[in-house]
Amino acid sequence: MNGAQSLIRTLVNCGVDVCFGNPGTSEMHFVAALDSVPEMRPVLCLFEGVATGAADGYARMARKPAAVLLHLGPGLANGLANLHNARRASSPIVNVVGDHATYHLQYDAPLTSDIVGFARPVSSWVHSTKSALTVAADTARAVQESRAAPGAIVTLILPADTAWSEAQGAAQALPHLGPQPVAAETIEQVAKLLRNGKRSAILMRGEELRGAGLEAAGRVAARTGCRLLCDTFAPRTELGAGRVAVERLPYLAEQIVQSLSTVEQLILVGTRPPTSFFAYPRIPSWCSPEGCQFVVLAAEHEDSTQALEALDATLGGGTAEPVRVPLALPPLPTGPLTQLALAQAMAHLTPEHAILSDEAITSGLLIGLIMAKARPHEHLPCTGGAIGQGLPVALGAAVACPDRKVVAIEGDGSAAYTMQALWTMGREKLDVTVVLCANRAYSILKVELARVGASGAGPRANSWLDLHDPEMNWAKIGEGLGVESTRATTSEEFVAQYSSAMKHKGPRLIEVVL
Ligand SMILES: Cc1ncc(C[n+]2csc(CCOP(=O)(O)OP(=O)(O)O)c2C)c(N)n1
C-alpha cells in the first residue's frame, strides 16, 4: 500500500467516502489509488471553487465531511472563497492539497507556493505530512479535527513522495469529538431570565434550527412568550408548513434594528449579536437596542439541542404546543413572469422535502417569504457573502441526498462565478433543478450604490453593474455543459417547465427572463 492508498483507505475508514476534486501531476498517485478503494466516490469538478462549495453543500446535508482534492497552492487558492463560505457555515471539510515532493521544494519550481499561508485563514487545523509512514495517522486526525463540534475545515498537505512511497496500511477512525453539554447553571440562569417578565428573544443559527432542537425552542417560546429568531444566513433551516415558526432576521441593518427595537434580553444560541452586513454612512453597524442584555445559552461548540431541551424541562416539562407555520400555497400565476409570479409558481410546485440552495439575491426576496409557508423543505443560503456558492452547494447537497429534489435558485451574476458546477451535475446525473434568474444585472449593487452614498455615478459606473452587453444565454450555457436547459419568458412557460422538472429526476436548468 502506498501513501495515497493509505490516505483514501483511512478516509473511508473514518466515514469520508466522497471526494470532490480537481487534480494535477502532484496528485496522480491519489487519482491512481481511486481504483483500489472503490468505496470512495470521486466527483470531478472543473474549477476548485466548485469542489469546495460542493463539499460545503454536502457537509451541510450529510452532517459529515467530504474530502476535497486540490492541486498545490494555486488549486487551493481557487477554492478559497467557497471555503470562506463553508467556514461561516461551520461545515466540516477535509481538504487534501497535493504538494511537490519534499526534496523538490528546494528548487522553487513554478507551482511552489506558501500553501500553509493560503490555508491558514480558512482552516482550523493545517498539517503537512512528512512521510508516507504517517499519512494514515495524519488523515485520521484530520477527519477527527474537522468533525469536532461545530465542524471545521482542515487542510492536509500531501507532498507527492508521501503519496508514492510505501505506507504502513490504513488507520481507523479516532473518537468523535461531539458537542459539549451546556452546564446546568447556564440553563437555570436562562430559565430565570425568561421568567423575569422582560421582553426576550432567542436567536439561533445552528443544529437547533432542525428537528428536536427546533421543537424544544418552540415549546420554550410557547411557555414564556419569548420570540424565536434565526440569523439571516443560518446555514441550514427547516422551513415550510408545520414547522415551528421562527422569524428570520432581515438583511438590512435598519430593518434588523426595527425588528429588535423592543427586545430587552437576547439569548444567543450558537451565534453572536446581529450586526449590519456592511457599514453605511449614518446607519448603525450594531443592531441591538441600547441596554439590551445578552446571554449565551449555547456556544457554537456546545450542544444547542440538549440546551433547549433542558431549558424546556426546567421551565415546566410536560406539553406546550409551539406556534407552527400554516400551509399557504399561492395560486399558479399567469401572464408576465415577474418576481412574484416566479415565487408563486415555485411555492405551488416545489415538492415536500426539497432542498433549496438560495443565491437568487434580489430575485429571491419574495421567494423566501412565500416559500416559507409552502410545503416543508430545507433552506441553504450563502453563509459568507462570497457569491458563486449556490450552484456548488446544490451539487454537494444532491450528492449527499440522492433521494431528494434539489432546487438551486440563482442570480445570473452569481451563477457566472461557478457555472462549471453544471457540468458536474450533468456528468453525475444529479437531481438538481437550477432556476436561473436572468435579470441581466448586478441589481443588488445598484441598490448598494445608492445606500453607501457613492456620488457621481454616470453611464460608465452603471455599465459596471449591467450584464446586457453581451447577454449570457443560459439555456445554451446549460445545454453546452450537459444539462437539459430551457428558457421561460412567461408564467405559463415557467409553470410548464418547472412542473416538468419537479416530476422528473435529473439535472435541469430553466433560464427565467426577468
Ligand atoms: C466573491 C464575491 N465577489 C463579488 C461580490 C459582490 N457582489 C455581491 S452581489 C453581486 C451581484 C449579484 O448579481 P446577481 O447574482 O445577478 O443578483 P442580483 O443582484 O442581480 O439580484 C456582486 C458582484 C461578492 N459578494 N462576492
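We count ligands from 1, going down the list as the structure has it; atoms in each ligand are counted the same way. What you see below is based on every heavy atom in this structure, not just the backbone, and it leaves out hydrogens, waters and symmetry mates.
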What protein heavy atom is closest to [atom], reported as residue, atom name and distance in Å?
atom: atom 25 (N) of ligand 1; result: G385 O, 2.8 Å
atom: atom 19 (O) of ligand 1; result: I444 N, 2.8 Å
atom: atom 14 (P) of ligand 1; result: G413 N, 3.5 Å
atom: atom 4 (C) of ligand 1; result: Y417 OH, 3.3 Å
atom: atom 22 (C) of ligand 1; result: I387 CD1, 3.4 Å

Atom pair CG (L260) and CD1 (I256), whose distance is rounded to the nearest 0.5 Å: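 If I round to the nearest 0.5 Å, the distance is 7.0 Å.
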Spatial distance of atom CD (E479) from atom CH2 (W474) [nearest 0.5 Å]: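 Taking CD in E479 and CH2 in W474, the distance rounds to 14.0 Å.
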As a quick check of understanding, evaluate salt bridge (Lys or Arg N to Asp or Glu O under 4.0 Å) for E378 and R404, giving each step before the final call. CA-CA 11 Å; E378 289 193 86; R404 294 173 67 177; 2.9 Å; yes
Going by heavy atoms, is [X] under 4.0 Å from ligand 1?
X: A360; value: yes
X: A386; value: yes
X: A81; value: no

Parallel, tilted or perpendicular: which one describes the rings of W286 and F294, with boundaries at 30° and 60°?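 The arrangement is perpendicular - the two ring planes meet at more than 60°.
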Under the criterion salt bridge (Lys or Arg N to Asp or Glu O under 4.0 Å), I'd like the reasoning laid out for E448 against R451: C-alpha separation, chi angles, the key distance, then a yes or no. CA-CA 5 Å; E448 297 286 29; R451 278 175 62 79; 3.7 Å; yes
Compare L445, T362, L514, N82 and give the one whose heavy atom is closest to atom 8 (C) of ligand 1. L445
Counting heavy atoms only, which of F277, W464, Y442 comes nearest to atom 11 (C) of ligand 1? Y442
Donor-acceptor pair, [X] side chain versus [Y] backbone, under 3.5 Å?
X: T418; Y: G388; answer: yes
X: S276; Y: A253; answer: no
X: E410; Y: V435; answer: no
X: D56; Y: S91; answer: no

Are any of the N/O atoms in S443 less than 3.5 Å from those in ligand 1?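 Yes: some nitrogen or oxygen of S443 is under 3.5 Å from one in ligand 1.
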Within a distance of under 4.0 Å, is there any protein heavy atom near atom 6 (C) of ligand 1? no
Under 4.0 Å from ligand 1, counting heavy atoms only, is it the side chain of A441, its backbone, both or neither?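 It is the backbone that gets close, since no side chain atom is under 4.0 Å.
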Side chain, backbone, both or neither: which applies to D412 and ligand 1 if a contact is any heavy-atom pair less than 4.0 Å apart? both
